[in-house]
Structure formats: C-alpha cells, structure tokens
Peer 1: 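Mind having a look at this structure? Questions to follow.
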Amino acid sequence: KAGVTQTPRYLIKTRGQQVTLSCSPISGHRSVSWYQQTPGQGLQFLFEYFSETQRNKGNFPGRFSGRQFSNSRSEMNVSTLELGDSALYLCASSLDRGTGAFFGQGTRLTVV
Amino acid sequence: AQSVTQLDSHVSVSEGTPVLLRCNYSSSYSPSLFWYVQHPNKGLQLLLKYTSAATLVKGINGFEAEFKKSETSFHLTKPSAHMSDAAEYFCVVSPDGGFKTIFGAGTRLFVKA
C-alpha cells in the first residue's frame, strides 16, 4: 500500500511569508505527527493529530499550527517565516501510539 | 520525565564486522522503544520496535535490539555490516500515557570497505 506522502518536496520562501505543508498518511492510519529536523537541533516534535484533534504539542511558537481533516490528511502552517525555520519537515503516520510510525520523505523548506 | 541518550554520535566499522549502536532511555512509564534509520535526503524508516513483548526484537535488514530494563538500555546490533547500512540511526522513546515522542540525537554509522 502507498506510504506517507508529503508535498511539496522542496520549497523556498522569503522571510515574513507563510507556508502550508501537506501530509497524506497511510490508508487507515488516524495518527499524524509532524517533526522539524535541523542540523543543530536534530529531530523535534511539533504536534500530533488523531481523528482531527490535536493530541500533543511540542515547544514551538504559535506561528506553527496544524490541522487534520476527516480523511486523516494533515496540513501544517508556518506564518511569518524566519530564517531559522529552514529545515526538513517530516510527517509520520501511525495506527496509534506504540505501534511505530511511518515517515514521509519530508519537505525541505528554505527561508531566504 | 522521559529522555533518550544515544551514547555515540559516530560509529565506524568495517564491512562484515558487527555493529553496535547504543541507546539508553529514561521513562516514568513502561515505554515503547523504536529504532529508525535515515539515509541521506530521505525520510525515516522504521527498523524495529519494542512494545513490552519479547525483550529481544528482530527488525529488518538483519538488525535486532535487546531491551534491558535493569540497564535502561535498548542497543541496536547487527552481526555483519554492509555498505548499505551507512546512514544515521535514531533511537526513539514513546512512553505510554500520551506523552510526546522523543528522538535521540542520532548516531551516524560509517561502513568501511
């Protein structure tokens, strides 16, 4: 079956702009989590959605937000982009906690 | 509080020799533990997981890990390294009870011919 699909794969934005990233989970998976990966900070948890509800949130400013739709697809939005937001954003889907997550290829965001 | 520590940032082995990537965890709850691998410019791939069943867990590509509660460790091993194993490996703790998943800092594995 199809894996986790993230779009777009690459994105270049200017400081101050906003961006929306999309994630389509594996069919049947209701949990979607988002992570930011940077060379300096490693992998950091952004938030987790389950059945359209945000279940957990990491320590990121309010400029980072997300949502999940009834078909489990998820989007994350970053407003007022800063240079430090440049990172690989990874989405992961799972059936539920403790079952292991399957990751997408990520969206590489560059803020200039 | 939950935490995970990967004891080596880099490990270098020769092809055909054993691999050992070390991970210690701390969790107030009975944790779910995972190992993921990330090849350059790729997403993360699940290697194996421990969820309170057998303490010796077998994963894909010949990897396995042993959960040792007394040592709070979950080390990843492979009997014989292959060039294609060169990648970054992440130990992950996802404690039961609804807390956020925590990734280790990663261990980069180099495999020499």
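All figures in this text were calculated on a predicted structure; none of them were measured in a lab. Just so it is clear: chains get the letters A, B, ... in the order the sequence lines come, proteins before strands, and each one is counted from 1.
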Peer 1: Using side-chain heavy atoms (C-beta onward) and a distance below 4.5 Å, is D85(B) in contact with E15(B)?
Peer 2: no
Peer 1: Using non-hydrogen atoms only, which part of Q38(B) is less than 4.5 Å away from chain A: side chain, backbone, both, or neither?
Peer 2: side chain
Peer 1: Taking side chain as everything from C-beta outward and backbone as N, CA, C, O, which of these in F47(A) sits under 4.5 Å from a heavy atom of chain B? Side chain, backbone, both or neither.
Peer 2: neither
Peer 1: Contact part of A101(A) toward chain B, heavy-atom cut-off under 4.5 Å: side chain, backbone, both or neither?
Peer 2: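 Answer is both: backbone and side chain atoms of A101(A) are under 4.5 Å from chain B.
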Peer 1: Count the heavy-atom pairs under 4.5 Å between each of Q44(A), Q37(A), Q41(A), R108(A) and chain B, then report the option with the highest count.
Peer 2: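 Sorted descending by pairs with chain B, the first entry is Q37(A).
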Peer 1: Quick one: does Y89(B)'s side chain get under 4.5 Å of L47(B)'s, heavy atoms only?
Peer 2: yes
Peer 1: Any side-chain donor-acceptor pair under 3.5 Å between S22(A) and R73(A)?
Peer 2: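 Side chains of S22(A) and R73(A): pair found under 3.5 Å.
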Peer 1: Are any side-chain N or O atoms of Q68(A) and backbone N or O atoms of Q54(A), one a donor and one an acceptor, separated by less than 3.5 Å?
Peer 2: no
Peer 1: Salt-bridged, K13(A) to D85(A), with N to O below 4.0 Å?
Peer 2: no
Peer 1: Is L43(A) in contact with chain B via its backbone, its side chain, both, or neither, using a 4.5 Å heavy-atom distance?
Peer 2: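 Answer is both: backbone and side chain atoms of L43(A) are under 4.5 Å from chain B.
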